[in-house]
Number of protein chains: 2
Amino acid sequence: MTPDQWSALEAVHLDIAPIPAQLREQASELHVAAGMIVANLGSRPKFMYFIRAGEIRLRRLSINGAEVVLQRGTYGFVAEASLATAAYHCDIVAVEDSVLLAFPIKPFAELLPTDTSFANYWMTTLAREVRSLRAQCERLALRTARERIQHYIESEGRDGRLELRQTRKAWAAELGLTHEALYRTLSSMTAEGAVRLETSANRVVLLVKPL
Amino acid sequence: MTPDQWSALEAVHLDIAPIPAQLREQASELHVAAGMIVANLGSRPKFMYFIRAGEIRLRRLSINGAEVVLQRGTYGFVAEASLATAAYHCDIVAVEDSVLLAFPIKPFAELLPTDTSFANYWMTTLAREVRSLRAQCERLALRTARERIQHYIESEGRDGRLELRQTRKAWAAELGLTHEALYRTLSSMTAEGAVRLETSANRVVLLVKPL
DNA sequence: CGTACTTTTGAATCGCATCAAATCTGGTGG
DNA sequence: CCACCAGATTTGATGCGATTCAAAAGTACG
């Protein structure tokens, strides 16, 4: 990859700049069409994938043929555990046209124990992921749309202020709700004065009003 | 080795044996009564906690005083990200009488970059946690009790066989369901022949029958 | 200016939560 | 060994909230 392409990435929240240049140079950009299988269950991991665009899923087919989704990702690393495994325990599938960065896994794994700052980056990345996933789990365990919204604002926002980086429809999916349910709940919360919505520069901002 | 054999190896229970003896010797066992606050929001992390028994929560109070739970744990490490942060962004509370292992965080953080095998252990632990949390998120996003149960069996069981290590009531909570809903769904699934339950040696075993 | 998408509202339905209460169970102490 | 207790398991009735299906209005973008 060229330096130009890399600096564009550095602006994004999940930063891959700390990855050793040596690895970044070996990474190749992969364009995958919707429906394509990136890697198969049982095969030995050859690459560590980083999703830049699109949507990737890790899935497994159950005994009776039903699809079981183990992970869904639109940005960031997928299947981090494949570093330490001899074989994938699920398929990696693109459900949309996607752009992936494929880091050859062997040098990746070999450099981690050697390069201290790289290891630090990797541990920090994983720990952050764990934290955000745990919060997401707690949120999804909440019963009502209102509770999930409030939880999201509290855990992802700051000082009762939350800037959405996505459409409300996409947010609904993240909250485990239908978009109708989210729209309805947001409008009733607004009516009650529990939150206020601002739309500035195509960004929706949610403000929580303390009672 | 076949993929099956590998996942059997990976399913090893969370073990703290690989932690350097030097750190384990410095760790102290902490008995905390239900309701006690282990660490406060804003304070500098002094220990890395490992839950051996009881239940610990990471929580934050929202602007209007509502409790927001960011993590709930009954076994394993809590707040792994505190390794790299100067201050907790939430309270750590025991909601039951609990037993914790407190590793002084400074030597913990200092040894990680030095000790390669320790770093490997830590990265593997985190990656495994990420994987299991992602599966849990996908599961909780499913709408019906039946789908969550099937997802659990597929992702946590092996070959359509799942041994529960907990009561069904506790399992219901993990699935984000009331125990009534779980009992009812299990019995109707049994009636339809979708699963079969065996109780041997106080362990409930769930068997999925392929259609 | 048309197209694809998001946002919004409506009505009917379904599944789970909730409250209640009756067993069943493992483990305890007498 | 038995009585007893706390907890898990089971079943019932009711209501709420989200899903689902449907359709209209708004919005971004080429």
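Per chain, numbering begins at 1; letters A, B, ... match sequence-line order.
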Rounded to whole Å, how long is the line connecting atom [atom1] of [X] with atom [atom2] of [N]?
X: Leu182(A); N: dT7(C); atom1: CG; atom2: P; result: 9 Å
X: Glu96(B); N: dG7(D); atom1: CD; atom2: P; result: 11 Å
X: Leu186(B); N: dT10(D); atom1: CG; atom2: C1'; result: 12 Å
X: Arg143(B); N: dA17(C); atom1: CZ; atom2: P; result: 14 Å
X: His179(A); N: dC21(D); atom1: NE2; atom2: C1'; result: 11 Å
X: Arg148(B); N: dG15(C); atom1: CZ; atom2: P; result: 14 Å
X: Met189(A); N: dT8(C); atom1: CE; atom2: C1'; result: 18 Å
X: Trp171(B); N: dT9(D); atom1: CH2; atom2: C1'; result: 15 Å

Under 4.5 Å between any side-chain heavy atoms of Val32(B) and Asp97(B), yes or no?
->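 In short, these two side chains do not touch, never coming nearer than 4.5 Å.
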Minimum side-chain heavy-atom gap Thr190(B)-Leu197(B) below 4.5 Å =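 Yes - at least one pair of side-chain heavy atoms lies under 4.5 Å apart.
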In terms of side-chain heavy atoms of [X], which of [options] is nearest?
X: Glu180(B); options: dC19(C), dT19(D), dT7(C); answer: dC19(C)
X: Ala181(A); options: dT8(C), dT9(C), dA18(D); answer: dA18(D)
X: Thr178(B); options: dT6(C), dA17(C), dT9(D); answer: dA17(C)
X: Leu177(B); options: dA17(C), dT10(D), dT11(D); answer: dA17(C)

For the helix from dC1(C)-dG30(D) to dG30(C)-dC1(D), how many degrees between its two end axes (five pairs per end), to the nearest 10°?
->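 Here the helix ends are tilted 50° relative to one another.
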Charged N-O contact under 4.0 Å between Glu163(A) and Arg165(A) | no
Check whether more than 12 heavy atoms from other residues, nucleotides or ligands sit under 6.0 Å from atom CZ of Arg146(A), and answer yes or no.
->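 Yes, because the 6.0 Å sphere around CZ of Arg146(A) holds more than 12 heavy atoms from other groups.
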Of Tyr183(A) and Ala145(B), the one whose nearest nucleotide on DNA chain C sits closer to the 5' end is Tyr183(A)
How is Arg184(A) classified with respect to the nucleic acid when contacts are heavy atoms under 4.0 Å: base, sugar-phosphate, or nothing?
->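 Base: the residue Arg184(A), judged by heavy atoms under 4.0 Å, touches a nucleobase.
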Relative to the ring of Phe77(B), is the ring of Trp122(B) parallel (under 30°), tilted (30 to 60°) or perpendicular (over 60°)?
-> perpendicular
Describe, in one word, how the ring planes of Tyr183(B) and His179(B) are oriented to each other, choosing from parallel (under 30°), tilted (30 to 60°) and perpendicular (over 60°).
-> perpendicular
Qualifying residue for side-chain hydrogen bond (donor to acceptor under 3.5 Å, both in side chains) with Ser155(B), from Glu138(B), Gln136(B), Arg139(B), Arg131(B) |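 Of the listed options, the one satisfying the test is Arg139(B).
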